[in-house]
2 protein chains.
Amino acid sequence: MATLTTVTVPVPRSDKGEATRAAIATAAQALFLERGYDKTTMRAVAERAGVSLGNAYYYFGSKEHLIQAFYDRIQVEHTAAAEAALAHETTFAGRLRGTLTAWVDVAEPYHHFAGKFFKVAAEPASPLSPFSPESAPAREASVALMARVVDGADLKVPATVRGELPELLWLAQMGVVLFWVHDSSEGRRRTRQLVDRAVPLVDRLVRLTRLPGVRGAADDIVALVRSLRA
Amino acid sequence: MATLTTVTVPVPRSDKGEATRAAIATAAQALFLERGYDKTTMRAVAERAGVSLGNAYYYFGSKEHLIQAFYDRIQVEHTAAAEAALAHETTFAGRLRGTLTAWVDVAEPYHHFAGKFFKVAAEPASPLSPFSPESAPAREASVALMARVVDGADLKVPATVRGELPELLWLAQMGVVLFWVHDSSEGRRRTRQLVDRAVPLVDRLVRLTRLPGVRGAADDIVALVRSLRA
DNA sequence: CCCCTCCTTTGAACGCGTTCAACTTGGTGG
DNA sequence: CCACCAAGTTGAACGCGTTCAAAGGAGGGG
């Protein structure tokens, strides 16, 4: 259940195992896309992968574990798509907007079962929680991407703020994801609108931190975030 | 599944039905508290309530629906507990802190299965989502509570900001809940710390909106929030 | 060539959420 | 008093996630 012990990772120990594992993951992703999460049964996944039901469980501890692959996949695709935007954007707002929009683009094919995604990810004990140790690699990659957004930009802000900015922007991105999950407009029109409208605002807020009166508050926010990370 | 049609509400149509429904809800809450959500079976709930399995489903569309009762319960208890704090707090910070701390107090007994709560609530299609129409009453009650926090306080801010403040504070409370769900410290020490540290900050930020340079940004935030509500 | 060990694979079996067709009950109009 | 109808109630049956004891291989010592 919700034990705190390290999860037994059913990682393959040989080439043969690796192939089987990959076959199962591939079958799962295909079926999830075709029918959605609920209508995809473990039996169907096993059958398409050409293995027995029990064997699927040898490699993936649960049906939910099959979702992790999407996580990683989106993360990788997002980084690639964002790079394209970052290559020709020099302003902070432009870079942030490009990066967030890239995410919306990349994630679109998965939106129809993103709710299930999210549901699973929301459970604190789940390895799929964005805050979990298991998600650390993907999370750090996302934070690193936000660091690139900041680094290549024309941004003049206090060092304290700048240091925490990537992580704060990642949090903002989680907010966008939250909105996106609930967004049923075609092509995620409303999420794109949110990004378009929120980015200039974030840009403005970040720059405001140079104001004497605001800077103190900003430093407090940074201190608070730091204290929470522990 | 995720239809957009109105959910058939299995509300009791007679006194007899009402009693049965209440018995089931009571049994479920007791069992959830005793054993947690996962280990409580629908069969056990039905048995304790003295009804058949199928009958439980006549009143509650799914096991998850049994959770809604907790939602309402916490909301009611929270309002009562917050009133106590609001009765003798006159500053905005004091009132906000008292209200948020009251929530942490009230919710504590349910923390050990709050993850399941949250998991269910996170799914957009779920009636338990805090953004769903079904949750509107509880949500509105919470926003109203925040309105009371603001109204009784010594707060001088632009009218635009003040108008949206209750809803924004409710959102902030959702943030606290998110943190709380992930908080495994004893007595939710860390969540309390978060409240204690974040409240003065919020207080300060809200008051900053009177600064000429900040006010414009604040108005934009308000406009953004308004545009998203649609 | 055999046996031992460890990884891998199997499918039957289990538990639980959920559905449903049939049955009971209680009240109402004739 | 009866027939009728809707509300309420029942438990068997179904589907699916998950578990597990047992069986297959594959390599390596003896």
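All values below come from the heavy atoms of this structure, side chains included, with hydrogens, waters and symmetry mates left out. Lettering of chains follows the sequences in order, A, B, ..., and the numbering in each one begins at 1. On a predicted model such as this, the values are computed, not experimentally measured, just so you know.
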Would you list the pairs meeting salt bridge (charged side-chain N to carboxylate O under 4.0 Å, His left out) in which at least one residue belongs to residues 170-181 of chain B, sequence neighbours left out? none
Cationic tip of A/Arg21 within the cone over A/Phe60's six-membered ring, i.e. under 6.0 Å and within 45° of the normal? yes
Please tabulate the protein-to-nucleotide N/O contacts below 3.5 Å involving nucleotides 21-23 of chain D, giving atom names and distances.
none

Only counting residues at least two apart or in another chain, list the ones meeting side chain to side chain contact (heavy atoms under 4.5 Å, CB included) with B/Leu171. none
Donor-acceptor pairs are to be reported for all side-chain atoms of residues 137-150 of chain B against protein atoms at under 3.5 Å, with residues two or more places apart or in another chain.
unit_1   : atom_1 : unit_2   : atom_2 : d
B/Arg139 : NH1    : B/Pro130 : O      : 2.5
B/Arg139 : NH1    : B/Ser132 : O      : 3.1
B/Ser142 : OG     : B/Gln75  : OE1    : 3.0
B/Ser142 : OG     : B/Ala138 : O      : 3.3
B/Arg148 : NH1    : B/Glu83  : OE1    : 2.2
B/Arg148 : NH1    : B/Glu83  : OE2    : 2.6

Polar atom pairs (N or O), protein with nucleotides 16-20 of chain C, under 3.5 Å:
unit_1 : atom_1 : unit_2  : atom_2 : d
C/dG17 : OP1    : B/Thr40 : O      : 3.4
C/dG17 : OP1    : B/Lys63 : NZ     : 2.8
C/dG17 : OP2    : B/Met42 : N      : 2.8
C/dG17 : N7     : B/Arg43 : NH1    : 2.8
C/dG17 : O6     : B/Arg43 : NH2    : 2.8
C/dT18 : OP2    : B/Tyr57 : OH     : 2.9
C/dT18 : OP2    : B/Lys63 : N      : 2.8
C/dT18 : O4     : B/Arg43 : NH2    : 3.4

Test of understanding: with salt bridge (charged side-chain N to carboxylate O under 4.0 Å, His left out), list the residues that count as partners of B/Glu64, not counting sequence neighbours. A/Lys119
Set of side chain to side chain contact (heavy atoms under 4.5 Å, CB included) partners for B/Arg189, sequence neighbours left out: B/Ser185, B/Glu186, B/Gln193
Sort and list the pairs that fulfil side-chain hydrogen bond (donor to acceptor under 3.5 Å, both in side chains) and have at least one residue in residues 170-180 of chain B, not counting sequence neighbours. none
Using a cut-off of less than 4.0 Å, is there contact between a side-chain N or O of B/Tyr58 and OP1 or OP2 of D/dT10? no
Under the side chain to side chain contact (heavy atoms under 4.5 Å, CB included) test, which residues partner B/Leu31, sequence neighbours left out? B/Glu34, B/Arg35, B/Thr40, B/Ala44, B/Val45, B/Arg48
